[in-house]
Amino acid sequence: MHHHGSGPAGGVVVLDAVTAAALVGAGALLAVAVVRARRRGPWPAHRTALLALGLVCVAAALVGPLAVAARTGSSAFTAHMAGHLLLGMLGPLLIVRGAPVTLALRALPVGPARRLVRALRSRPVRLLTHPVVAAVPATGGLWVLYGTDLLALTHTSPPVAAAVHAHVLVSGCVLTASLVGVDPDPHRAPVPLRAAVLAASLAAHTVLAQRLRTDPPAGVGPAEAETGALLMLYGGEVVDVALVALVAAGWYRATAPPRVPVRARAGGTPRPAGP
């Protein structure tokens with residue numbers, strides 16, 4: 001998949017500039033939110049680190065050498081697939097585990113925070129964040145991207161590229177949050193359902209990677225498709241293992257028997273077990 005000299009170069013420059021500005025803005029918002037949250041109480045440093053690393057993954061996929069290689073490099077499809085893993089899988093996982101909603105609620109004034117809570121509890125949001133619903137655009141979108149001419153179109157139309165990138169990032173975050181989110185969610189789906197959705201998503205991801213090897217997207221050569229598909233398969237498995245471990249840990253916490261209080265001495269006052 002080579003696109004040397006193809007595409008509206010001016011549009012690409014504008015898209016890169018807008019994307020870079022949006023990423024800088026997101027980084028600034030993160031810094032301001034952390035400062036404001038810390039003024040109101042403790043905010044775990046590892047949450048900040050996860051959010052920052054997630055933002056770095058998104059930036060690496062959208063701007064810089066990897067993004068340029070995905071458009072014009074000699075191994076464009078391989079670079080594209082590396083960007084896909086960062087933008088649609090690893091980045092969303094890091095961001096979701098950083099508890100962005102909790103951070104926003106701590107940083108926002110009371111009024112906007114309450115409006116955010118009402119929005120998150122609204123019926124449309126509850127429906128869109130259900131694991132079964134969230135899996136459709138996240139997984140189905142990949143089949144559309146690689147099974148049609150959409151991938152080639154992203155290299156000739158900056159608006160289409162921007163829309164695809166936004167879809168991959170947002171759908172990846174929503175699906176990841178529905179499966180292993182750490183923000184408060186009174187309507188979180190039961191662990192068995194989340195595990196089933198994760199298993200189905202993993203299967204669809206694996207089947208798609210295998211199909212790319214035998215039926216590459218338009219404009220992608222067999223050798224390049226083989227390399228990109230293997231990267232999708234094995235690179236995706238690294239993130240998948242983390243997702244499986246997190247879902248399993250949630251399952252363990254949900255089914256573990258309650259800790260039994262122990263008595264300091266016979267007939268004494270019960271006190272919680274452990275340190």
Side-chain angles (χ1 to χ4, degrees), residues 1 54 57-58 61 70 77-97 126-154 160-161 163-181 185 188-220 222 224-251:
M1 182 174 59
C57 288
V58 172
F77 187 65
T78 303
H80 160 83
M81 195 56 71
H84 158 73
L85 294 175
L86 292 172
L87 185 65
M89 298 187 72
L90 183 57
L93 176 60
L94 293 169
I95 291 172
V96 165
R97 298 298 292 185
R126 286 170 52 187
L127 175 63
L128 292 174
T129 56
H130 189 279
V132 175
V133 178
V136 174
T139 304
L142 295 180
W143 284 82
V144 173
L145 178 62
Y146 299 123
T148 67
D149 294 333
L150 183 58
L151 179 61
L153 190 58
T154 61
V160 172
V164 169
H165 290 156
H167 171 82
V168 170
L169 175 60
V170 173
S171 63
C173 286
V174 173
L175 177 59
T176 305
S178 72
L179 296 174
V180 296
D185 182 0
R188 192 178 301 282
V191 176
L193 176 60
R194 285 186 275 149
V197 171
L198 176 58
S201 298
L202 300 186
H205 206 256
T206 300
V207 172
L208 178 58
Q210 296 292 356
R211 178 182 172 180
L212 289 176
R213 302 173 68 180
T214 57
D215 186 15
V220 179
E224 205 173 341
E226 175 79 11
T227 305
L230 290 176
L231 180 58
M232 180 183 187
L233 185 64
Y234 296 118
E237 283 186 354
V238 174
V239 180
D240 292 340
V241 167
L243 289 170
V244 170
L246 290 170
V247 171
W251 201 330

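We're numbering straight along the sequence, starting at 1. Just so you know, these numbers use all the heavy atoms, side chains as well, and skip hydrogens, waters and symmetry mates.
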Can you tell me how far apart CG (Leu142) and CE (Met232) are? Round to the nearest 0.5 Å. 5.5 Å
Taking His167 for its side chain and Pro137 for its backbone only, find out whether a donor-acceptor pair lies under 3.5 Å. yes
Output the distance between atom CG (Asp240) and atom CG (Leu202), rounded to the nearest 0.5 Å. 4.5 Å
Interatomic distance, CD@Glu237 vs NE2@His205, rounded to 0.5 Å, equals 10.0 Å
Distance from Thr176 atom OG1 to Arg97 atom CZ, nearest 0.5 Å? 10.5 Å
Using modelled atom types and a 3.5 Å cut-off, is there a donor and acceptor pairing between side-chain atoms of Thr214 and backbone atoms of Arg211? yes
At their closest point, which heavy atom of Ala218 faces which heavy atom of Asp149, and how far apart are they? CB-OD1, 3.8 Å
Which distance, rounded to the nearest 0.5 Å, do you find between the CG of Asp185 and the CZ of Arg126? 9.5 Å
If you compare all heavy atoms of Arg213 against all heavy atoms of Ala229, which two are closest, and at what distance to 0.1 Å? CG-CB, 3.3 Å
At their closest point, which heavy atom of Val197 faces which heavy atom of Leu175, and how far apart are they? CG1-CD1, 4.4 Å
Residue of the set Leu212, Thr227, Leu230 for which side chain to side chain contact (heavy atoms under 4.5 Å, CB included) holds with Met81: Leu212
Evaluate the side chain to side chain contact (heavy atoms under 4.5 Å, CB included) criterion for residues Leu85 and Val238: first the C-alpha distance (whole Å), next the side-chain angles of each, then the deciding distance (0.1 Å), finally the verdict. CA-CA 10 Å; Leu85 294 175; Val238 174; over 6 Å; no
What are the two closest heavy atoms between Leu198 and Leu179, and how far apart are they? CD1-CD1, 4.0 Å
Evaluation steps, side chain to side chain contact (heavy atoms under 4.5 Å, CB included), between Arg194 and Val191: CA-CA 5 Å; Arg194 285 186 275 149; Val191 176; 3.1 Å; yes
CH2/Trp251 to CG/Leu246 distance, rounded to the nearest 0.5 angstrom? 15.0 Å
Which pair of heavy atoms, one from Ser178 and one from Pro131, lies closest together, and at what distance? OG-CA, 3.6 Å
Which is it for Phe77 and Leu151 under the side chain to side chain contact (heavy atoms under 4.5 Å, CB included) test, yes or no, and what are the steps along the way? CA-CA 10 Å; Phe77 187 65; Leu151 179 61; 3.8 Å; yes
Show your working on side chain to side chain contact (heavy atoms under 4.5 Å, CB included) between Leu243 and Leu93 and close with a plain yes or no. CA-CA 8 Å; Leu243 289 170; Leu93 176 60; 3.8 Å; yes
Please find the pair of heavy atoms, one from Ala135 and one from Ser201, that lie closest to each other, and give the distance. CB-OG, 4.0 Å
